[in-house]
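Worksheet for the structure shown next.
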Amino acid sequence: GNDGSDDARDRLGNQQHMSTLILGLRALPQPVIAAVNGPAAGFGLALALGSDIRYASASAVFRAAFINIGVSNCDMGTSWLLPRLIGASRSHELMLTGRRVQADEALRIGLVADVVEDDALLSRAVEAASQIAALAPWGVRLTKQGMWTALELPEREAVEYEDRQQIMATFGIALPEAVGAFLEKRPADFAD
């Protein structure tokens with residue numbers, strides 16, 4: 001453990017603990033929505049990147065900041081997540097300059113899904129969560145898992161993974177419940 005007898009070991013242990021939090025966001029079956037209402041730099045940026053959906057207030061600012069204090073910006077999954085969200089070329093620029101990204105630019109480059117006025121941020125995030133919560137939980141879990149997994153696979157293998165997911169899902173109880181609810185003009189009751 002971190003008993004102070006080995007500084008390098010203790011620092012690595014702390015780093016790994018924080019990085020595990022980012023990996024844990026992906027491992028959760030539930031979608032994670034980040035509502036960024038101020039600066040998201042360093043670990044805050046990693047938390048936002050590790051989320052499934054990101055919304056920002058107009059005053060939000062994003063920054064890969066560690067390079068500004070003389071260490072690597074490749075930290076807590078940022079070097080893996082950022083290029084997958086906004087592309088490699090733009091990620092290199094942001095990671096190597098350490099510059100600030102205002103909310104409007106974050107929206108334009110696809111870092112966030114929406115930008116709203118500061119006082120509307122929480123309601124925007126809750127609106128999306130409510131939309132997701134109304135869906136079949138199994139379908140949501142499979143979609144989240146499939147999206148993250150596809151980012152790591154070549155195209156052919158990603159399509160094969162989708163095929164298997166889709167066929168498996170059609171044998172679940174959610175599909176007949178959704179169809180029945182539609183035909184009966186009632187809300188679906190997904191027991192999951």
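Predicted model, so just to flag it, every value in this text is computed and none were measured. The first residue of the sequence shown is numbered 1, and numbering continues consecutively from there.
Here the side chain of Arg54 pairs no donor or acceptor atom with the backbone of Ala35 at under 3.5 angstrom. Put simply, the side chain of Gln145 never gets that close to the backbone of Pro29: no donor and acceptor are under 3.5 Å apart. Side chain of Arg63 to main chain of Gly98: a donor-acceptor pair is present (N/O by atom type, distance under 3.5 Å, no hydrogens or angles). In this structure, the side chain of Arg164 engages the main chain of Glu160 through a donor-acceptor pair within 3.5 Å. Using modelled atom types, no side-chain atom of Ser59 and backbone atom of Gly38 make a donor-acceptor pair closer than 3.5 Å. His17 contributes no side-chain N or O that, together with a main-chain N or O of Gly13, makes up a donor-acceptor pair within less than 3.5 Å. Side chain of Asn73 to main chain of Ile67: a donor-acceptor pair is present (N/O by atom type, distance under 3.5 Å, no hydrogens or angles). One N or O on the side chain of Lys144 and one on the backbone of Gln30 form a donor-acceptor pair closer than 3.5 Å.
Looking at Arg11 and Asp7, a side-chain N of the basic residue comes within less than 4.0 Å of a carboxylate O on the acidic one, giving a salt bridge. With respect to Glu177 and Arg186, a salt bridge is recorded, a charged nitrogen being found less than 4.0 Å from a carboxylate O. Ionic pairing of Arg26 and Glu152 is present here: one or more N-O contacts between side-chain nitrogen and carboxylate oxygen are shorter than 4.0 angstrom.
Taking all atoms of both residues into account, the shortest heavy-atom contact from Trp148 to Ser51 is CZ2-O, 3.9 Å.
Counting heavy-atom neighbours within 6.0 Å of Arg100 CZ, excluding the residue itself, gives a total of 12 or less. For CD of Glu117, the number of neighbouring non-hydrogen atoms (other residues, nucleotides, ligands) closer than 6.0 Å is 12 at most. Within 6.0 Å of the CD atom in Glu93, the count of heavy atoms belonging to other residues, nucleotides or ligands exceeds 12. When the shell of 6.0 Å around CD of Glu155 is examined, it contains 12 or fewer heavy atoms from other residues, nucleotides or ligands. Environment of CG in Leu28: crowded, with over 12 heavy atoms of neighbouring residues, nucleotides or ligands closer than 6.0 Å. Sparse packing is recorded around CZ of Arg156, with 12 or fewer heavy atoms of other residues, nucleotides or ligands lying under 6.0 Å away.
With contacts defined as side-chain heavy-atom distances shorter than 4.5 Å, the pair Trp138/Met168 qualifies.
The CG atom of Leu142 lies 13.5 Å from the CE atom of Met147; values are rounded to the nearest 0.5 Å.
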